[in-house]
S.K.: 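Sending over a structure as structure tokens; questions will come in a sec.
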Amino acid sequence: IEVFVEQLNNIISSRIFNEWKSYLSSSYIETYSDAKALEQMSQSPILLNNDIKLISLEDYFNYIVVPSRSNIIVNDIEFQTENRITVWSMFNGRKVKLYQLEKIDNAWLISIW
């Protein structure tokens, strides 16, 4: 799992959207492609201050995922079940969720559950 997360972080740091997208579950893609969800996320102070409006999954990747996941350090991996894992990091002294991973069709994907 650590190697898998390192690969994900390299893809994200390299800004390779299509490769990152290949590691997403259909539920994740559906959630973060939703126009209303993207509009709501666009209301964050950082995006508003920079006049950024999210309109696609690729925008979400470029303006949310890349800045928040590039060069991140994994501090904990919790196995919820044999097919579900939560990956954590520390940020400003707080434990923050990096990824929810789910094994779907024998492959680990970033997912939502």
S.K.: Compare all side-chain heavy atoms of Asn18 with those of Phe61 and state whether any distance is below 4.5 angstrom.
M.R.: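 When only atoms from C-beta onward are counted, Phe61 and Asn18 do not touch, as no gap falls below 4.5 Å.
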S.K.: Check whether any side-chain heavy atom of Tyr32 sits under 4.5 Å from a side-chain heavy atom of Ile112, and report yes or no.
M.R.: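 Yes - at least one pair of side-chain heavy atoms lies under 4.5 Å apart.
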S.K.: Taking the inter-plane angle between the rings of Tyr28 and Trp20 on a 0 to 90° scale, is it parallel (under 30°), tilted (30 to 60°) or perpendicular (over 60°)?
M.R.: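 Judged by the thresholds at 30° and 60°, the geometry between Tyr28 and Trp20 is perpendicular.
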S.K.: Would you indicate whether the side-chain heavy atoms of Leu101 and Ile77 approach each other to under 4.5 Å?
M.R.: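 The answer is no, as the side chains (C-beta and beyond) never meet within the 4.5 Å cut-off.
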S.K.: Does Leu57 form a side-chain contact (heavy atoms from CB on, under 4.5 Å) with Phe17? I'd like the steps, not just the answer.
M.R.: CA-CA 9 Å; Leu57 181 63; Phe17 171 72; 4.0 Å; yes
S.K.: Hey, does Gln43 have a side-chain heavy atom less than 4.5 Å from the side chain of Leu48?
M.R.: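 Leu48 vs Gln43: side chains touch.
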S.K.: Under a single-linkage rule joining Ile, Leu, Val, Met, Phe, Trp and Tyr whose side-chain heavy atoms are separated by less than 4.5 Å, which residues share a cluster with Leu109?
M.R.: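 Taking Ile, Leu, Val, Met, Phe, Trp and Tyr as members, Leu109 shares its hydrophobic cluster with Ile104.
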S.K.: Taking C-beta and beyond as the side chain, do Asp59 and Ser56 meet within less than 4.5 Å on heavy atoms?
M.R.: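 Yes, their side chains come closer than 4.5 Å.
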S.K.: Say whether Tyr63 and Phe91 are linked into one hydrophobic cluster, either directly or through other cluster members, by side-chain heavy-atom distances under 4.5 angstrom.
M.R.: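 Result: no, two separate clusters.
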S.K.: Is Arg69 reaching over with its side chain to a backbone N or O of Leu98, donor-acceptor style, under 3.5 angstrom?
M.R.: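 Looks like yes, one N/O pair under 3.5 Å.
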S.K.: Using the rule that two of Ile, Leu, Val, Met, Phe, Trp, Tyr join whenever any of their side-chain heavy atoms come within less than 4.5 Å, decide whether Ile16 and Tyr23 are in one cluster.
M.R.: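 Both belong to a single hydrophobic cluster.
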S.K.: Kindly write out the residues that satisfy salt bridge (Lys or Arg N to Asp or Glu O under 4.0 Å) with Asp76, not counting sequence neighbours, or none if the list is empty.
M.R.: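 Asp76 satisfies salt bridge (Lys or Arg N to Asp or Glu O under 4.0 Å) with Lys95 only.
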